[in-house]
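Below you'll find the structure, written out as structure tokens, and then a few comments.
Predicted, not measured: the structure shown is a model, and the values here were computed from it. Quick note: numbers below take in every heavy atom, side chains included, and nothing from hydrogens, waters or symmetry partners.
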Amino acid sequence: MKQFGWKADLRNPNLEIFIHLNDMYSVVGIPVFRVPLASRAYIKTAGLRSTVAWAMASVAEIKAGMFVLDPMCGLGTILLEAAKEWPDVYYVGADVSTSQLLGACDNLKAAGLKDKIELLKVSVIELPLPSESVDIIISDIPFGKKFKLGKDIKSILQEMERVLHVGGTVVLLLSKDHHRHIEDCEGGGIPLNSKGSHTDVRGIEKCLIPEEKTGTSETVPSSSEPSNRECLDKVPPFGSLVPVECYKVSLGRTDAFICKYKKSHSSGL
């Protein structure tokens, strides 16, 4: 301002410039549209940010004819974004909250997708679905701010594993705490199989915000079994769910992780 005499009009600027700086890198950008990208005319009541919901559906690699489930659908934002982009799919949303399902129903009507998405009032740990009947599960795991998850995360992931068929995909939005606990119990990327031993498949982490993270998988000796048991008490054993990708995303005031898993074998449940 001193050098060029420019004045910043914060109320009606000619151009907005976004700059993010840290010790590793910088990002500079300008908005392409006046309206935020997350704004959707077809969503009556906003839940999860629409851009994050779309990204989760995109990571899941949905294809025509698949059975896609969101067992904690809330206001249905993930299913709405998925159904708009990939219409020839059977979508089911489940939630235990009547108020959330009513909001989801209003959103489906507003988007003209009432016939595309089926809503069920059921608990995520007691899904009325046959074992290995679902192709893809996409869900926003509650962070504990508006809706508390408590200690049910173990039961939730076991039920997801049960209904997902071998080769199926799970895409979850996890808080920092959930992601950290899961990473700790994976032993640096070595997932536990359904018998509590380690598989030789290592997860690949891809972050939208670069991080320096290196490491190699190591075989865990039998002497580490007590520490494994401590992990199993903290978070669920992933059993047949093998980590594939992980993306760090911003939710405004907090960060989260979009994590993708593949079911490698029958869980035997």
Side-chain angles (χ1 to χ4, degrees), residues 1-62 70 72-86 103-104 107 110-111 113 138-147 169 171-183 203-215 243-261:
M1 291 176 64
K2 290 179 179 178
Q3 185 173 353
F4 297 104
W6 293 349
K7 293 182 179 181
D9 185 350
L10 299 180
R11 294 187 179 276
N12 187 30
N14 292 323
L15 180 66
E16 268 186 88
I17 301 175
F18 169 85
I19 302 176
H20 176 85
L21 301 170
N22 66 22
D23 293 338
M24 297 293 294
Y25 62 92
S26 63
V27 176
V28 181
I30 60 173
V32 180
F33 304 105
R34 283 289 183 184
V35 178
L37 187 61
S39 297
R40 300 288 196 266
Y42 51 81
I43 294 182
K44 185 176 181 180
T45 306
L48 176 66
R49 185 178 294 176
S50 300
T51 45
V52 176
W54 183 93
M56 293 176 69
S58 178
V59 168
E61 299 181 285
I62 299 171
D70 184 349
M72 294 179 286
C73 67
L75 295 173
T77 309
I78 294 173
L79 295 176
L80 282 168
E81 289 297 305
K84 279 287 186 181
E85 188 77 14
W86 299 274
N107 280 338
L113 294 171
I138 312 174
S139 194
D140 172 12
I141 301 294
F143 285 21
K145 297 200 182 274
K146 188 173 182 181
F147 298 99
T169 299
V171 176
L172 303 175
L173 185 65
L174 301 171
S175 68
K176 282 183 174 181
D177 287 340
H178 287 149
H179 183 260
R180 183 174 62 252
H181 291 324
I182 289 170
E183 270 202 331
I204 302 171
E205 184 179 63
K206 298 179 180 179
C207 291
L208 296 181
I209 301 178
E211 293 180 342
E212 288 188 351
K213 183 173 182 180
T214 59
V244 179
E245 297 172 315
C246 184
Y247 300 90
K248 188 175 181 181
V249 295
S250 173
L251 299 180
R253 293 185 178 182
T254 184
D255 290 335
F257 296 86
I258 297 175
C259 298
K260 179 179 179 180
Y261 304 87

What are the two closest heavy atoms between [X] and [Y], and how far apart are they?
{"X": "A46", "Y": "L75", "value": "O-CD1, 3.5 Å"}
{"X": "M72", "Y": "I141", "value": "CE-CD1, 3.4 Å"}
{"X": "H178", "Y": "P142", "value": "CE1-O, 3.4 Å"}
{"X": "I138", "Y": "A57", "value": "CD1-CA, 3.9 Å"}
{"X": "L80", "Y": "A111", "value": "CD2-CB, 3.7 Å"}
{"X": "L79", "Y": "C73", "value": "CD1-CB, 4.2 Å"}

Euclidean distance, [Y] [atom2] relative to [X] [atom1], rounded to 0.5 Å:
{"X": "K248", "Y": "S250", "atom1": "NZ", "atom2": "OG", "value": "9.5 Å"}
{"X": "T169", "Y": "Y261", "atom1": "OG1", "atom2": "OH", "value": "12.5 Å"}
{"X": "S50", "Y": "L48", "atom1": "OG", "atom2": "CG", "value": "7.5 Å"}
{"X": "I78", "Y": "S139", "atom1": "CD1", "atom2": "OG", "value": "6.0 Å"}
{"X": "I258", "Y": "E245", "atom1": "CD1", "atom2": "CD", "value": "10.5 Å"}
{"X": "D255", "Y": "L174", "atom1": "CG", "atom2": "CG", "value": "13.0 Å"}

Is K84 close to R40 at the side-chain level, that is, under 4.5 Å between some pair of heavy atoms?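 SC-SC contact between R40 and K84 ruled out.
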T77 side chain reached by V52 side chain, heavy atoms, under 4.5 Å: no
Using the ring of each side chain (for Trp, its six-membered ring), is H20 parallel, tilted or perpendicular to Y25, with breaks at 30° and 60°?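 H20 vs Y25 ring planes: tilted.
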Kindly indicate, with the supporting measurements, whether the criterion side chain to side chain contact (heavy atoms under 4.5 Å, CB included) is fulfilled by M56 and E81. CA-CA 9 Å; M56 293 176 69; E81 289 297 305; over 6 Å; no
Output yes when a side-chain donor or acceptor of N107 lies under 3.5 Å from a complementary backbone atom of I43, and no otherwise. no
